[in-house]
Q: 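First the structure, which I've put down as structure tokens, then a few questions once you've had a look.
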Amino acid sequence: SMFLYTLFAVMFAAIKFDQYQNVYECYVFGTLGGFLAVTSALVAAKPAQSVVITVLNLGAVAALYTLDTLPLDGGVVTELAAQSLGTTAVVIIAGGIFGAMAVRMQSDLVAETERSADAAKRQYESMAAAVTEAQAAALGIGTKLSSAAESLSASARELRIAAAEETAGIVSLEEDLNSAEAGESVADDAQNRVKRSLVEYSEKVLEASASISEMLESIQDVGRAAGERRDSVAALVELARDGEERVSRIGEGITAIVSATGKMDEMNALIGEVAERTNMLGMNAAIEAAHAGEAGKGFAVVAEEIRTLSETTAEGSGSIAAILTETQNTVAGASLASQKTMEFFSRLNEEIQAVASALGDLLERLHEISAGAVGATEAVRGFGALADSAQAAADDTKAAFHDAASRAASARSVATAMREAASRMVDSCDALLARAATLNELGHDNVQRMVELRAKLEEAAETRDRITE
């Protein structure tokens, strides 16, 4: 305002105090007034300023005409003066109207620009707040996702170690079963020798019955044979005890396998819980991405991948649970077979003890027969009865050995199936570790994307501040 009014005063003084005082002076000031009106249109802040300049221009033209031109014309308004004043007034008024309209348009444009800037600022602040909230949620989810992936990896590693231990235990069980089979073969050979010895003994008893005269010599032969049989029975006792110890070790191995299977079942439950929590995290992430709108589309893809990975992990956990159930059933069958084998060896030991006792009695009777031939006939009968009993016991023992061999073969088949199941479990653990690594990588990638998004938001905020300034 000071600039415009000062310029007007300078222009009026220049025209008023120059050497021209006729009607053309009004033309000159009218031209300068139009220039001043255009200048006001460029620099004025309000339309009223252009109106004031227009009024001042008209007043100045009237003053110049009244003070300078009218006295020269004798106080009479000539036609030329009226035309000049009219033309000058039209130019000044047109310039004032143009200036006022231009200032009004500029004011409206500035106001609209300010409103647009305020609206854009509020929209940006709202978007920035939403993106910041989504970013914070995404960072939290990414951190939880990485933690869950690490926990899942640790559980899978522990499960794999347990599976490896189970495999080692099953291999040891197979070795023990092979050793037991070899021992059963040796015991079967010894039992066949006992049976053959008993047959020979029966023959000698019959020979003793046929000829009392050869009784003493036969008794001596039978005594020697009985001594050999006693050594064989002692060896058989040792074999039975060794078999019983081996079966006991097999039972301990099966107990260890049961314990390891229980631990694996707990680990599998932990994996299922991790998969369920991961699925919940994926669902929450999808919800947060949906709330974020266009800015959360990329994060929605990551959330979907997380849910797919959690579902795959749940399926793997179900497969592991089925394998553990099969393993537990197999171990239960092996435990039952081990108990029956233990009972068989215990029964075998009792039978062998009975045979040993019978042989002891036989030796005593041989000594009695050697001392005198009075009870030769009764002793021969006792020998025959003892031989029949021993042969029957030998037959029972052979059947028991065959039954033990069959059970050992069944146990070996069970151990093989358990070893294959443990191998499949190790493969499943390896696949689970690979998926956990992928899950961890996705979590870190998500965090990195959120950091990049934060940097871009800060850059956009700085650009907005510069534009606002």
Side-chain angles (χ1 to χ4, degrees), residues 1-128 457 459-469:
S1 297
M2 293 298 297
F3 170 76
L4 291 174
Y5 299 150
T6 301
L7 183 60
F8 169 78
V10 172
M11 290 170 53
F12 180 78
I15 299 301
K16 176 66 178 71
F17 297 107
D18 62 0
Q19 60 182 350
Y20 298 101
Q21 296 181 350
N22 53 22
V23 72
Y24 293 102
E25 186 179 40
C26 297
Y27 275 121
V28 174
F29 193 83
T31 302
L32 295 177
F35 166 76
L36 187 60
V38 173
T39 302
S40 67
L42 296 176
V43 301
K46 298 179 181 179
Q49 293 174 335
S50 295
V51 174
V52 171
I53 291 297
T54 301
V55 173
L56 290 176
N57 286 335
L58 292 174
V61 170
L64 289 173
Y65 178 76
T66 302
L67 295 175
D68 293 338
T69 304
L70 188 60
L72 294 177
D73 293 336
V76 178
V77 179
T78 64
E79 183 178 356
L80 178 61
Q83 293 176 353
S84 299
L85 291 175
T87 302
T88 302
V90 169
V91 171
I92 292 174
I93 292 172
I97 293 173
F98 170 76
M101 292 177 63
V103 172
R104 171 64 65 184
M105 292 173 64
Q106 291 175 2
S107 299
D108 293 341
L109 180 61
V110 171
E112 182 65 24
T113 303
E114 290 179 352
R115 288 193 296 271
S116 299
D118 291 338
K121 182 179 179 181
R122 289 192 297 271
Q123 183 179 6
Y124 174 80
E125 290 176 351
S126 177
M127 182 189 69
L457 284 175
E459 182 179 355
E462 293 177 356
T463 304
R464 183 203 62 189
D465 295 338
R466 287 198 301 269
I467 292 174
T468 304
E469 292 175 358

Q: If the condition is side-chain contact (heavy atoms from CB on, under 4.5 Å), which residues does L85 pass it with, not counting sequence neighbours?
A: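 In terms of side-chain contact (heavy atoms from CB on, under 4.5 Å), with neighbours along the sequence ignored, L85 is linked to C26, V61, Y65.
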Q: Which atom pair, heavy atoms only, marks the closest approach of A37 to S40?
A: O-OG, 2.5 Å
Q: E79: which residues meet the salt bridge (Lys or Arg N to Asp or Glu O under 4.0 Å) condition with it, sequence neighbours left out?
A: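 Result, salt bridge (Lys or Arg N to Asp or Glu O under 4.0 Å) vs E79: none returned.
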Q: Between CG of N57 and CZ of F35, what distance do you get to the nearest 0.5 Å?
A: 11.5 Å
Q: Run the side-chain donor-acceptor check on residues 1-11: report pairs under 3.5 Å with partners two or more places apart or on a different chain.
A:
from: S1; atom 1: OG; to: Q49; atom 2: NE2; distance (Å): 2.6
from: T6; atom 1: OG1; to: M2; atom 2: O; distance (Å): 2.6

Q: Can I get a per-line list of side-chain donor-acceptor pairs under 3.5 Å for residues 89-102, giving both atom names and the distance, sequence neighbours left out?
A:
none

Q: Determine whether a donor-acceptor pair (N or O, by modelled atom type, separation under 3.5 Å) exists between the side chain of T54 and the backbone of S50.
A: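 Flag set: sc T54 to bb S50 pair under 3.5 Å.
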Q: Under the criterion side chain to side chain contact (heavy atoms under 4.5 Å, CB included), I'd like the reasoning laid out for L32 against F12: C-alpha separation, chi angles, the key distance, then a yes or no.
A: CA-CA 9 Å; L32 295 177; F12 180 78; over 6 Å; no
Q: Do any pairs count as a side-chain hydrogen bond (donor to acceptor under 3.5 Å, both in side chains) and have a residue in residues 102-111, sequence neighbours left out, and if so which ones?
A: none
Q: Going by salt bridge (Lys or Arg N to Asp or Glu O under 4.0 Å), name the residues that satisfy it together with R115, two or more places apart in sequence or in a different chain.
A: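 With sequence neighbours excluded, R115 shows a salt bridge (Lys or Arg N to Asp or Glu O under 4.0 Å) to E112, given in chain and number order.
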